[in-house]
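The structure appears below as C-alpha cells.
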Amino acid sequence: MTGNAPPAPADAMKDIVALCKRRGFVFPASEIYGGINGFWDFGPLGVELKNNLRDLWWKHMVTTPPVGPDGAPVQIVGIDSAIIQNPKAWVASGHVGGFSDPMVDCRETKFRYRQDHLIVLKADAHNWIAFHQEASTDDIDRKLKKLGLPVRKTEYERVPLTQVPVSEYSNITGPDAKTKGTLTEPKQFNLMFDSHAGPIKDDANKVYLRPETAQGIFLNFKNVLDSTRVRVPFGIAQIGKAFRNEVTPRNFIFRSREFEQMEMEWFCHGDDAKKWRDFWFSERTKFWQSIGLKSDNLRVRDHDKDELSHYAKEGLGTADIEYRFPFTAPDFGELEGIAHRCDFDLTQHQEHSKQKLEYMDPDDNTKRYIPHVIEPAAGLTRGVLALICEAYTPDPNRPSGVFLDFHPSVAPKKAAILPLMSKGEHPEIATKLYMKVREHYNIDLDVKQNIGKRYARQDEIGTPFCFTIDDQTSADHTVTVRHRNTMKQDRIHLDSVIEYMRTNMNTATGRS
RNA sequence: GCGGGUGUAGCUCAGGGGUAGAGCGAUACCUUGCCAAGGUAUAGGUCGAGGGUUCGAAUCCCUUCACCCGCUCCA
C-alpha cells in the first residue's frame, strides 16, 4: 500500500504465514487450545490448493502418465494403502531399527550430536577425545594441542562412540568441550509414532503410523501384479498422510509431524535403473516447472555420497529437486527426491514375510528377478508451500500491496464474478453467470463492497481472472475481464466466458 | 533439547498495579460506481494458559503452552 520496497526474504515468510491464516490457506492446528507443535490445518483455500496439486500429480502419474524413452506411454497404477500396517513391515523396511538416531548432548556446550557420528580417540587411559567422524587431521591436532596432549594421532586408538560403554563416558572430552565427562548418555529419538491396535495397551499389539507411504506400495507389489496386467517396467503410485515424530518441527508446514506424500515406485530391471532414474528426474522436474515453479528458485541436485540412505548405498543414489524457500535462502530445501532403492525393499519383505516377491518375465519363464525400484517421492505439503512462496509477490502499486501469482492450474479460485453494483440488475446477471461457470471451474461470486476491495481480495488469494458485470453488460451482453498480474482489462462477450477461461487456463499469467 | 525474542479485538500494534485502547478490517444502512472512496451505526477482548503476591493484576513473581530466530537434528 505504501511505496516500500518488497520485504527481505526472511520477513517475507512472516507475511506469507500471516496471509495464509488471514485468507484461509493454513491455520495452526487446534489453535483455540493453544495449538500443537508440528501440526497444521488447511483452510478453505488451502485445501483447494492442495487438492489441485494432488490431482495434477495423479493426472501426470496415473491418468495420463508420460511417454517413455521408447515412445510408448508408461504404465502406472494407483493404490491407497492403510496408514497402519503389520508392525513387521516396519522391521523389514528398516524403520524400527534404523529410523531412530541415538543422540548425546554435551552438558558444557549444549551441543547435540548423533552418537554414530562421533569417534573417540584414546590419548591415554583416562584422556579420551571425541571428534566428529569427518573432522580433519588439522582439527584434531589443534584440539589435542589445546588440551595439552601430545599430537600423535596416528598412534592413538580410534573407537566409534557407539562402542564405548556409557560407564566410561567420564573419560571423554566432547568435540566442542574443554572439560571431561560432559557428554550425556545416548537418548533414543525414534521418529515413528506408535499406537496400539485394540483396547489393550501392551507390546504385543503395538503398531506404527507409517513414516512414509512407500512401504504400502511394496507390501502390495504382489497383489498388483496378480490383479492387474501390468508388466515390468511399471509403476505404483500413492498419495497419503505420513507421520514423523520430528525432534524439531520448523518452518511453517515445511517440516511438520503429520504431512502428505506423493510417491511412485517404479519397478524395472536392475540393468535399466540408470535409464529410468534419468527419465524420472527429468519428468519430475518438468512437472514442477509446468505448475508454476519456473524461477531459479527451483534447482536439481545429486546427493553427496554421505547423504545416501540405507537402501541406496549400492545403487545410483538420490537426486533431489529443491526449492529455495525464504527460510532456507540462499540455500534450498528438499521438495522431491528421486531415489534408486535397488531391490532393497522387495528383498527385505521377501525375507521377512517368506513370500515370493520375484517377478517372472512373461516372455521367458526361466527369468526371475527382484525388480529394482526408482522412487520419485514428493512432499505434497511441501509442494503447497513452494507454490505459495513462489506465488507471493509484493506489489506496492496495488491496493492489496501483494498478490499471489499462482499458475491458473493450481489457483484455488480460477475466477471471480463481480457485479459492479449491488443493486439493479448487475447481481442477477452475475448470479446467472456464476451458476453457469461453476459447473466447469471453481469460482467465487462476490457482491458486497466496492469493486476495488473485491479486486484486492481476489489478488490476495491469487485468482487469475475477475469478470465484472456493469451497465454495458445489460446493453450489449459483454463483461470485463480483469487480469490479476497486470490489472488490465479486456471486454468479452458474456457467452464466451467459459471458452475464454478454457483457452487461457494453462497459459495465462496476464503478463503479456 | 539449549539460547534469545514474541504473545493485548479478525489484522497491525499502543498501554504498563485502579472501569480495556487506536488504526485498519467485519456487519447493516445511506451515498458512489472499475481498483482497499465517504458517512452513520453496530458487533468483537476473561490482555496465550495456569498458579502466586496484593484491597485490587493485562501490568509484578513463578510455571506452562504456542510461534519466530539461532544451535542441534532431519531416509
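Letters A, B, ... mirror the listed sequences (proteins, then strands); counts begin at 1.
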Give each protein N/O atom lying under 3.5 Å from an N/O atom of nucleotides 30-33 of chain B, with the pair distance.
unit_1: B:C30; atom_1: OP2; unit_2: A:K423; atom_2: NZ; d: 3.3
unit_1: B:G33; atom_1: N2; unit_2: A:L420; atom_2: O; d: 2.6
unit_1: B:G33; atom_1: N3; unit_2: A:L420; atom_2: O; d: 3.4

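- Among the candidates A:H349, A:H95, A:H352, the single residue satisfying the ring pair (Phe, Tyr, Trp, His ring centres under 6.0 Å) test with A:W90 is A:H95.
- When the C1' atom of B:U12 is taken as reference, atom CG of A:D15 falls 11 Å away, rounded to whole Å.
- Annotation: cation-pi pair A:R484/A:F403 absent, no NZ/CZ under 6.0 Å from the ring centroid and within 45° of its normal.
- Across B:U59 and B:U54, the matching P atoms stand 16 Å from one another, rounded to whole Å.
- Side-chain N/O atoms of A:R250 and base N/O atoms of B:C68 include no donor-acceptor pair closer than 3.5 Å.
- Rounded to the nearest Å, the gap between the P atom of B:U64 and that of B:G3 is 12 Å.
- Near RNA chain B, meaning a heavy atom under 4.0 Å away, the residues from residues 18-30 of chain A are A:K21, A:R23.
- Seen from the ring of A:F42, A:K50 counts as a face-on cation partner, given the 6.0 Å and 45° thresholds.
- Nucleotides B:A28 and B:C68 have their P atoms positioned 35 Å apart, rounded to a whole Å.
- Nucleic acid contact class of A:F254 (heavy atoms, under 4.0 Å, all strands): none.
- One C1' atom belongs to B:A26, the other to B:A36, and the distance between them is 13 Å to the nearest Å.
- Taking the six-membered ring for Trp and the full ring otherwise, A:F325 and A:Y323 have centroids separated by under 6.0 Å.
- Residue-level contact check: A:G38 touches the backbone only, with heavy atoms under 4.0 Å from sugar-phosphate atoms and none from bases.
- Expressed to the nearest 0.5 Å, how far CG of A:D80 lies from OG1 of A:T213 amounts to 10.0 Å.
- When rounded to the nearest whole Å, the span between CG of A:D331 and P of B:C71 equals 11 Å.
- Each of A:P249 and A:R255 was assigned the nucleotide of RNA chain B with the nearest heavy atom; the assignment lying further toward the 5' end belongs to A:P249.
- Note on A:N37: a side-chain N or O is less than 4.0 Å away from OP1 or OP2 of B:C67.
- Counting only Watson-Crick or G-U wobble pairs whose defining distances are both under 3.5 Å, the stems of 3 or more consecutive pairs in RNA chain B are B:1-7 with B:65-71, B:10-13 with B:21-24, B:26-30 with B:38-42, B:48-52 with B:60-64.
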side-chain hydrogen bond (donor to acceptor under 3.5 Å, both in side chains) between A:H493 and A:D476, worked out: CA-CA 8 Å; A:H493 197 272; A:D476 66 3; over 6 Å; no
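- The A:T468 side chain lies nearest to B:C34 when the options are B:A75, B:C69, B:C34.
- Taken to the nearest 0.5 Å, the OH atom of A:Y434 stands 12.5 Å off from the CG atom of A:L418.
- Salt bridge A:K413/A:D444: present, at least one basic N to carboxylate O contact under 4.0 Å.
- Closest contact between the side chain of A:E460 and the listed nucleotides B:C34, B:A66, B:A36 involves B:A36.
- Rounded to a whole Å, the CD atom of A:E265 is 17 Å from the P atom of B:A75.
- Using C1' as the reference atom, B:A49 and B:C73 are 29 Å apart when rounded to the nearest Å.
- Taking atom CZ of residue A:R457 and atom C1' of nucleotide B:C24, one finds them 14 Å apart after rounding to whole Å.
- Salt bridge status for A:K453 with A:D446: absent, with no side-chain N to carboxylate O gap under 4.0 Å.
- Comparing B:G25 with B:U12, their P atoms sit 15 Å apart, to the nearest whole Å.
- Per the geometry, CZ belonging to A:F252 stands 9 Å off P belonging to B:C68, to the nearest Å.
- The same atom, P, is picked in B:U32 and in B:G23; the two are 27 Å apart, to the nearest Å.
- Nucleotides B:C24 and B:G38, compared at atom C1', are 16 Å apart to the nearest Å.
- In this structure, CH2 in A:W266 is found 14.5 Å from CD1 in A:I338, a value given to the nearest 0.5 Å.
- Using cut-offs of 30° and 60° on the angle between ring planes, the pair A:F465 and A:H483 is perpendicular.
- A cation-pi geometry, defined here as NZ or CZ lying under 6.0 Å from the six-membered ring centre and within 45° of its normal, does not hold between A:R257 and A:F243.
- Here A:K453 does not reach the OP1 or OP2 of B:C35: none of its side-chain N or O atoms lies under 4.0 Å away.
- Distance CZ (A:F39) to C1' (B:A66): 14 Å, rounded to an integer number of Å.
- With rounding to whole Å, A:D470 atom CG is found 12 Å from B:C35 atom P.
- Taking atom NZ on A:K14 and atom P on B:G7, their separation rounds to 10 Å, with Å as the unit.
- Using a 4.0 Å cut-off between charged side-chain N and carboxylate O, A:E263 and A:R341 make no salt bridge.
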